[in-house]
Amino acid sequence: MVASSLSWLIGGAQGSGVDTSANVFARACGVGGLQVFGKREYYSNIKGEHSYFQVRVSDGVVRSHVDRVELLATFDDETAVRHTRSVVPNGGIIYDPTLIKTKIANVPTLETPVILGLEEYLRSKGLEPTLENLLIDAKNSGVHLYPLPYNELLHVIGKEIHEESASILQRMVNVMAVAASFALLEYDFETLTKAIRLTFRAKPKVVDMNIHASRKVYEYFTTQMYNKSFPFKLQTIKTDEQRILVLGSQAVGLGKLISGCRFQTYYPITPASDESEYLEGHEVFDMKPPALTSQVMENPQVEEVAYLNSKGSVVVVQTEDEIAAITMAIGASLAGARAATSTSGPGFSLMAEGTGWAGINEVPVVITLYQRAGPSTGLPTRHEQGDLRFAMHAGHGEFPRILLASGDVEECFYDTVRAFNYAERYQLPVIHIIDKSMANSNMTVPVWDTKKVKIDRGLLIGGEEIQKMVASEGLFRRFKFIENGISPRVKLGTKGGMFWNTGDEHDEYGHITEDPTNRIMMMEKRMKKLETADGEIPLSEKVNFFGPAEADATILSWGSTKGAILDAMDILKEEGYRINFLQVRLIHPLPSEYLGYVLSSAKKKIHIEMNYSAQFAGIVREKTGIAMDNFIVKYNGRPMSSEEIYYSVKKVLAHPEEKRVVLTHGA
Amino acid sequence: MALKLTDYKTTVHNDWCPGCGDFGILNALLMTLAEMQLEPHGVAIFSGIGCSGKTPHFAGTYGIHTLHGRVLPFALGAKLANPNLEVIALGGDGDGLGIGAGHFVNAGRRNVDIAYIIFDNGVYGLTKGQASPTLQLGLKPKSLPKPNINEAINPIALALASGYTFIARSYAYDVKHQKETIKKAIEHRGMAFIDILQPCPTYNDINTKEWYGGDDRKDQATGKPMPRIYKLEETGYDPVIKDPENVDELRAKITDVIVRSQEWGDRIPIGVFYQNGHVPTYDDRLMGRITDYRKIPPAMQVFWDENGYPTTDLTKLFEEIRVL
C-alpha cells in the first residue's frame, strides 16, 4: 500500500547528526513532491543527551505531528529504547544489531521514571529489561524489525572509497539510517541523492561519501528483502507548485528581511537565537531595482540612498543582555530604522522596562517572543504557551501595545510584516508571540508571495513635510494631540524636527511635565491608539475561522495548536462531527465583539491551549463575559499532537462533565 | 549664518539646585556644540535617569532622556542605525557605574564612535543623597545614616580595562577645560569617555567646590588655597598612543593611566588620560562585512516601491531552502 501519510522518527545523542538526517529525509520527501511537517525535540545540553526529530510526510497538506510512529530509524541504543513502544503494529524499526544486549537500566541518559516504567512493562511480560527483549516484545505485537549492521557496512564502504578514518566513516550512520528508511519505503533513490546534494552542497566530498553509503544500504536492504515485509511505501509525485522547506525561525527571519527590518538585536537564548543567527548569516541581500517614491523625493538625504540601494543589509547586534537588546532596538528605531529584537521568556522578563519606555514615547519596535516552558529557566528547550498574560501586561503602568500570535510557519512570515506595519502605524511596541514548537518545526509550503504584503510606515514624515508643518504651526510637537492618537513622527537627524523623549510623562514636545490635565490628555491620546488599531485592522488579520458556520461545537485557540487542531478536525469531519474553529491572532486589542458574536451562538465551546491555566480563555472571559465550556490543556513541555486533540475533543463531546482534560503525551 | 549659543538652548525651566555642578557641564556642552558649529538637528543627546538625565531637555538638539542605567544601549542603537548622527550620551555615576555598569563595560568592547559623559558627584541626588559607586569607602556625606561601606569604583581604570579608546576627566566648574575635553571626545573616532567631577551642593558635603579648590589647605607661605585638582597636560603627560605596534609604548602608557587614575585626595588629575585612535571602530568592523554600511545605514534604506510593495528580493534566500 502507498501511505497517504507516514510518521517517521529518527533519534540519537545530541551532536550525532539527528537534525541533519531529518533534514535529508524531509528534503528528499519535499523534492519528490511530498509534503512534510517536522518536529524537533531536544534537551538543554550540547552533546550526549537524547534528541529526536519526527517527520510526518503526506501526499497532501500536513500541519502537525502525531503520537504514533510508523517507521523508527535508530543508530544508537537509547533511541530504540525510548521510542520502540510508540511504533504501531505493522510499523518498522531500523536498529543496530550490535547494541541489542543493552540493559535498559544501563542507558545513562534515561530518566529514572522512564527506566522504571520500561522495566515494569517488560517484567510484567516475564522478560528481562533489555533492548533485545523490548524489540522482541514489539515484534510480538506485529512490528517489523530491520537490523542494519552499520559497522560491517562501514568497513566495506571505507575500503571502497579509500577512507580509513573510522571517525569520518562513523559520521555517516545518520544518513545510512535515512537511506535504510527509504529502502524500506521503496522510495526513488535518485530523489534521495538530490536531497543529499542539497543538504551538503558546500562539501562535495561529503556528498559523494554519503551517496555511496546510501547506495550500499539500499542494496543491502533489498538483498535482505526487508522491503518486501514493510507495508508502508512512499512515491514521488509530480507537481508544478514551487515549494520551500522552512523552519519557523527562518520564516520569521525571512519575514523580517521583507518587512525592511534593518536592525536586529538579541542576547543568546533558546529557542530565539536561531532567527538572529539566520539574519546575521544573511546580513547582505539583494534589493529589486529601487523606485523613487514620493517619500523619497521629499527627503533628499534618502533620495541619494535610493539610487545606491541595489543591496540591502541588516545590522545584527549581539548585546550584553536583553535590557540592552530592547533599548538598542528602540534607539535604532528612533533613528528611523525598522528595528526588532527576538527573545524568549527569561529575556522578555528583562525587557519589561524598555517596552514601557517605548510605550510612553510611542516608539515602534517589534519584539519576537519565542515562548518556551517557564517559569524561570523552566524547560528551556521545550514548548509551552505560558507567556500570554505576561506579554499582555509586562511593564509597569498602562501603555498601549499590540500582541500578534501566529499559528504556523507560514503565518510567522506574513505576520512579521504586519507586526512592523502595526508598530509604525500605531507607534507602539508590537509583541509577535510565537513559540518553541513553531520555531523548531519545519514544513513544506508554497514559495511565499511577497506581493501579498505591503509596507506601511504610518506617519513617518520627511524633511519637506516637517518644514511645512513647522512653518504653519511653530516648533514641532512630536506628541501633538490628535483625535485618533497618532501624531506625525520623524527620524532623528531630520532638519526642523527636533523633539524630546523621556520616560517621564511629557507634554506635546516631549518635555517633562507633571501637570494633571496634560496627564489625562496624554494617557487618553496613547490609549486611543488601541481603539484606532482595533477599528482599522481588518478582521482577516485578527482571526482565522475554519469549518462550517453552523456546528455542534466551536473550538477556541491561538498559536501553534492550529495545525494539530486542523488535522484533528479533518478526521472528525470524516466521522461526521460538525466542528468549527476560531483561531485568534490579534490577542490585544482583542476583537472582542466578533468573539462575542461567534462564541455566544456556539452550541458548545471547547478551549484548547498549551498551558496550565488556560490563560487566553481567561482573557476572553474578561473581555466578552463568555466562559468556555470545556478546557483541553497541556503543560508537559511537548506540543499537542493531532491525535491527542482528536481523542480529547471526542471525549469532551461525549462527556460534557469533563470540564478539564490534561494532555500528557510526548517524549 | 553662524550658529549662536542660543540656538542650542531651550526655554525649559531648569530645576537643578542652585549652585549645582550640572549647570557648569550643561554650559560647557552647549558652548562646545556652538563652537564646533554642529547643526542642532544633527546632534542627538541621550541621557539616563537622575538630575543629569534632565540635561537633554535644556538642549536645543534632539534629546532622548532614557531609562536608569540604559543610556548607552539606547545611544548605540541610534548611532549604529545612522552613523551620520552626532550622538552624545550622558548620565550620572550611579546610572553609568551602578545600575548601568554592564553596559559601561560592554560599550568599551565595541568602540562605537560616540562620546559618553558621566556627571560624577558621588551620590544619588534625585533620590536624596544615597552613596553612589564613586563615593570613597568610609565617607559619610550628610544624608547617609552610616558611613559608606563599599569601596569606590575607579571609572578611569574601568574604562581602560573595558576598551574605551579615549578616556578623560574634567571638572564641572572649569568650563574652559570641559569645552576642550568634550571637543576632543567628540572629535575622537571611537568610544570616548569623560568623567566630570561634579560637586552636589545639596547632598555631597564632602567633595565640595571648596574641597576640590583646596580651601581647607592653604599654603602657609602665601595663605592661598592649594587646589586638589591639577591638569595632566600641565605636567607633560602624553596620553596619545602613537604606534599601536609598539608594545613598550602601549605598556608604559597603560601603566601611566592606571597610576594616575589611583590619585585621589590631595592631588586629583584632570585632562586626557588615554587616547588610542588606532583601534577599529564598530562601524569599521561592520564595513568589513557590509561594504555599503556607511552609504546606506539601517535608518536610510528604502525597502518599498511607490505602491508600497516590498523591494527586498528574497529569491536567493528562497533558493537555499527550495525543494521544488
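Chain letters run A, B, ... following the sequence lines, proteins first and then strands; every chain starts at 1.
Summarising the geometry, atom CG belonging to B/Leu317 is positioned 6.5 Å from atom CG belonging to A/Leu257; distances are rounded to the nearest 0.5 Å. With rounding to the nearest 0.5 angstrom, the CD1 atom of B/Ile290 is 12.5 Å from the NZ atom of A/Lys311.
Among B/Thr291, B/Ile49, B/Leu67, B/Ile64, the residue with the largest count of heavy-atom pairs under 4.5 Å with chain A is B/Leu67. Per-residue counts of heavy-atom pairs under 4.5 Å with chain B were compared for A/Asp456, A/Val453, A/Leu334, A/Val246; the largest is that of A/Val453. Per-residue heavy-atom pair counts under 4.5 Å with chain A were compared for B/Leu85, B/Asp313, B/Leu324, and the maximum is reached by B/Leu324. Comparing A/Lys194, A/Met328, A/Glu241 by heavy-atom pairs within less than 4.5 Å of chain B, the highest count is held by A/Met328.
At a 4.5 Å heavy-atom cutoff, A/Val417 makes no contact with chain B through either its backbone or its side chain. With a 4.5 Å cut-off on non-hydrogen atoms, A/Thr265 does not touch chain B at all. Interface remark: B/Ala59 contributes backbone atoms only to the contact with chain A (heavy atom separation under 4.5 Å). Proximity to chain A (any heavy atom under 4.5 Å) is shown, for B/Ile321, by both the backbone and the side chain. Residue contact with chain B, scored on non-hydrogen atoms closer than 4.5 Å, involves the side chain of A/His282 exclusively. If you measure heavy-atom distances from B/Thr61 to chain A, the contacts under 4.5 Å come from the backbone alone. Only the side chain of A/Phe285 comes within less than 4.5 Å of a heavy atom of chain B; its backbone N, CA, C and O stay farther away. With a 4.5 angstrom heavy-atom cutoff, B/Lys54 touches chain A only via side-chain atoms. For A/Leu475, no part lies near chain B; criterion is any non-hydrogen pair under 4.5 Å. Residue B/Ala75 does not touch chain A at all, counting heavy-atom pairs closer than 4.5 Å.
Using a 4.5 Å cut-off between non-hydrogen atoms, the part of residues 87-103 of chain B that approaches chain A consists of B/Gly102, B/His103.
In plain terms, the two heavy atoms of B/Arg322 and A/Leu198 that are nearest each other are O-CD1, 4.0 Å. In this structure, A/Ile244 and B/Phe318 approach most closely via the heavy-atom pair CG2-O, 3.8 Å.
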Practice task
List the steps, then state whether salt bridge (charged side-chain N to carboxylate O under 4.0 Å, His left out) holds for B/Arg289 with A/Glu280.
Solution key: CA-CA 10 Å; B/Arg289 302 159 38 150; A/Glu280 190 171 349; 2.8 Å; yes
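Taking the charged nitrogens against the carboxylate oxygens, B/Glu320 and A/Arg201 have no contact shorter than 4.0 Å, which rules out a salt bridge.
In this structure, A/Trp500 has its ring center no closer than 6.0 Å to that of B/Tyr62.
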